[in-house]
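Comments concern the structure below.
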Amino acid sequence: LLALFETIGFEKTLDVINGMFSFVLWDRKARMLHFARDRFGKKPLYVGWANDALVFGSELKSLCAYRDFNKEIDTQSLALYSQYSCVPAPHSIYKNVWQLMPGCSLSMPLEGLETGGDLTALMVPYWSAQNIVEKRSNLNDSDSNIVDGFETLLKACVRDRMLSDVPLGAFLSGGIDSSVIVSLMQAQSERPVHTYTIGFEEAGFNEAEHAREVAAHLGTDHHEHFCSARDAMNVIKKLPDMYDEPFADQSAIPTYLVAQFARRDVTVALSGDGGDEMLGGYSRHFTTPRIMKFPKSFRHLADAIPASVLNTLFPTKPLLAKHLEKMSALLSANNQAEIYHILLRNWEDNPVAAHANVRLDLDPIEGLDLSEQLMLWDTQHYLPNDILTKVDRATMAVSLEGRAPLLDRRIFEFVWGLPMQFKIRDGKGKWLLREVLARHVPREMFERPKQGFGIPIADWLRSDLRDWAEDLLDEKALEAQGLYDAKAVRAVWEHHLTSGQRHCDALWTLLMFQAWHKRWQ
């Protein structure tokens with residue numbers, strides 16, 4: 001990097017480097033300080049003010065250690081967190097501190113620098129996912145030629161990330177994304193690839209058997225570990241230290257557990273992150289456009305059926321009421337940005353006391369169909385703020401380096417140069433990945449409904465975690481804190497205890513904030 005900076009300069013270096021990074025460069029001659037973050041936001045970088053001092057680091061805990069740092073909570077960021085379960089860039093949970101946006105640089109001259117200003121005004125994109133999408137030209141070729149080209153490119157991206165002078169392995173869930181990565185690793189390896197899976201004993205939360213089948217077929221050196229509820233609950237206590245900001249993706253728990261398990265043997269692990277966002281892998285990418293074609297009258301039907309009736313009629317599907325509520329809200333949306341907000345939000349009415357009515361800052365592309373617009377926004381927002389934050393902090397907590405071949409810029413640029421039929425086809429996403437995987441693994445091993453990387457938090461909150469949750473959601477403590485509407489929070493908590501798991505995501509968001517607040521404030 002230093003040789004590149006010296007030879008071609010800061011801006012041109014950003015154009016040519018690929019992969020994951022965040023760095024700060026001091027140009028002694030020009031007396032300029034440069035900050036940069038990778039294109040997809042795999043690595044974090046915080047920049048802000050502590051009185052008159054400029055402070056920066058990859059973790060907020062390092063900023064908190066500075067003697068003049070003010071840990072005042074930004075209520076706008078808290079309101080965003082409460083909606084989306086994470087603090088979206090460029091915000092941070094603290095006032096006067098910002099996350100550098102993915103694909104952006106920030107340069108400041110130290111001569112005549114005015115302290116205390118809003119640093120987001122200095123963030124400049126050197127690469128933009130939106131620009132790639134706007135300037136694309138659809139490449140239309142035969143299915144076989146497109147799959148050949150994609151497999152060749154993905155093989156190269158995997159091969160690049162297999163370069164390592166320390167032990168290397170891969171996460172294998174048995175799902176499509178991780179199975180493709182492991183398939184291409186094994187195809188290019190002279191020895192069995194080390195693969196790692198964790199499972200849970202609770203029904204509906206265990207993918208270990210699928211991973212075992214794929215590993216056996218590919219001939220990897222497979223390792224699996226079954227975690228107890230107690231293992232998972234022990235991780236919960238560590239989350240406020242791992243995540244310097246409030247962070248409420250429940251799959252952070254199994255992500256940490258599988259990283260900890262893999263770290264016993266390897267120092268680098270490849271993952272399948274990025275496939276869902278680029279290739280239509282989330283159900284919202286292909287079901288939401290269908291929902292939006294329903295007549296508006298369906299909304300009144302959904303509103304008319306009480307949740308208690310749904311829970312009685314469908315006792316084995318406790319999330320049905322939640323999905324119908326969301327469907328009803330979608331049918332009243334006026335534009336694509338509102339649709340995306342409804343899909344991601346935890347609350348219809350934000351419980352942050354005296355909150356600003358804030359949402360993600362979304363910039364739609366005129367003429368882009370709804371599926372592709374949702375995919376692009378997921379790449380710009382959900383991927384860096386949730387998925388990549390989760391994986392980075394969990395792997396770094398055990399000194400494991402996570403690498404994601406699907407998040408190579410060449411993959412993004414190739415995929416977005418293709419028509420929609422190569423991403424979503426026959427009502428299913430990730431068509432390209434499925435076709436590549438079918439060349440290495442029998443379809444019956446992976447053609448099944450998508451299963452999230454989850455744990456039974458909803459049940460645990462009513463049993464093993466109930467005392468912990470009661471303590472964090474104490475009404476008097478919430479009132480004294482003055483950040484949340486205490487009565488609204490207690491009403492949601494009491495409803496959860498008696499009527500299924502409709503509020504589980506919202507409650508977990510509250511609990512993770514309270515656990516973070518207790519640790520850091």
Side-chain angles (χ1 to χ4, degrees), residues 144 147-201 205-227 254-255 257-276 279 281 391 395 398 400-408 411 430-453:
S144 59
V147 175
D148 285 345
F150 181 67
E151 182 175 18
T152 299
L153 177 58
L154 186 51
K155 261 187 177 177
C157 295
V158 168
R159 185 168 60 248
D160 287 350
R161 284 154 185 82
M162 291 175 70
L163 292 170
S164 176
D165 54 5
V166 293
L168 175 140
F171 301 136
L172 179 61
S173 69
I176 292 168
D177 302 351
S178 65
S179 297
V180 167
I181 299 304
V182 170
S183 297
L184 298 183
M185 287 177 74
Q186 193 57 69
Q188 302 177 91
S189 178
E190 296 176 356
R191 61 189 69 180
V193 172
H194 290 279
T195 51
Y196 298 88
T197 301
I198 60 164
F200 289 94
E201 294 162 1
F205 294 91
N206 181 35
E207 284 194 302
E209 61 184 279
H210 304 307
R212 192 183 311 130
E213 285 182 1
V214 172
H217 179 81
L218 295 173
T220 71
D221 182 0
H222 191 56
H223 312 263
E224 65 179 41
H225 174 65
F226 278 81
C227 299
T255 301
L257 288 167
V258 74
Q260 183 184 49
F261 178 46
R263 185 61 183 87
R264 297 176 189 177
D265 307 318
V266 301
T267 313
V268 175
L270 273 62
S271 75
D273 293 316
D276 286 314
L279 287 158
V391 175
T395 52
V398 295
L400 179 73
E401 182 183 328
R403 299 178 181 175
L406 283 163
L407 288 175
D408 190 296
I411 296 288
K430 296 195 282 200
W431 183 84
L432 258 181
L433 284 174
R434 291 173 191 273
E435 294 306 301
V436 171
L437 184 55
R439 296 178 170 188
H440 301 269
V441 172
R443 286 188 186 271
E444 57 268 22
M445 287 190 182
F446 64 86
E447 290 289 6
R448 60 181 184 279
K450 181 178 176 63
Q451 182 176 331
F453 197 20

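Residue indices begin at 1 and follow the sequence shown. This structure is a prediction, so every number in the text was calculated from the model and none was measured.
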Aromatic rings Tyr196 and Phe261: how do their planes relate, parallel, tilted or perpendicular, breaks at 30° and 60°?
perpendicular

Test item: [X] and [Y] side chains (from C-beta on) under 4.5 Å apart, heavy atoms:
{"X": "Asp177", "Y": "Phe171", "value": "no"}
{"X": "Ile198", "Y": "Phe226", "value": "no"}
{"X": "Thr267", "Y": "Leu168", "value": "no"}
{"X": "Leu437", "Y": "Ser183", "value": "yes"}
{"X": "Glu151", "Y": "Leu184", "value": "yes"}
{"X": "Arg434", "Y": "Glu447", "value": "yes"}

Could you check whether [X] pairs with [Y] (Lys NZ or Arg NE/NH1/NH2 to Asp/Glu carboxylate O, under 4.0 Å)?
{"X": "Arg191", "Y": "Asp221", "value": "no"}
{"X": "Glu435", "Y": "Arg443", "value": "yes"}
{"X": "Asp148", "Y": "Arg439", "value": "yes"}

Does [X] use its side chain to pair, donor to acceptor, with the backbone of [Y] at less than 3.5 Å?
{"X": "Arg161", "Y": "Arg403", "result": "no"}
{"X": "His222", "Y": "Val214", "result": "no"}
{"X": "Ser179", "Y": "Gly175", "result": "yes"}
{"X": "Thr197", "Y": "Leu172", "result": "yes"}
{"X": "Arg263", "Y": "Val398", "result": "yes"}
{"X": "Gln188", "Y": "Lys155", "result": "yes"}

Give the intermediate values and the outcome of side-chain contact (heavy atoms from CB on, under 4.5 Å) for residues Ser189 and Met162.
CA-CA 9 Å; Ser189 178; Met162 291 175 70; 4.1 Å; yes

Working for side-chain contact (heavy atoms from CB on, under 4.5 Å), residues Glu224 and Glu209 = CA-CA 9 Å; Glu224 65 179 41; Glu209 61 184 279; over 6 Å; no

Residue pair His194 / Asp265, side-chain donor-acceptor N/O under 3.5 Å: no

Rounded to the nearest 0.5 angstrom, the CG-CG distance for Leu407 and Asp273 is 6.5 Å

Tested for side chain to side chain contact (heavy atoms under 4.5 Å, CB included) against Glu401, the lone hit among Thr395, Val166, Val268 is Val268

**OP:** Give the C-alpha distance, both sets of side-chain angles, the deciding distance and a yes or no for side-chain contact (heavy atoms from CB on, under 4.5 Å) between Met445 and His217.
**Re:** CA-CA 10 Å; Met445 287 190 182; His217 179 81; 3.8 Å; yes

TODO: List the steps, then state whether side-chain contact (heavy atoms from CB on, under 4.5 Å) holds for Leu154 with Leu433.
DONE: CA-CA 10 Å; Leu154 186 51; Leu433 284 174; 4.3 Å; yes

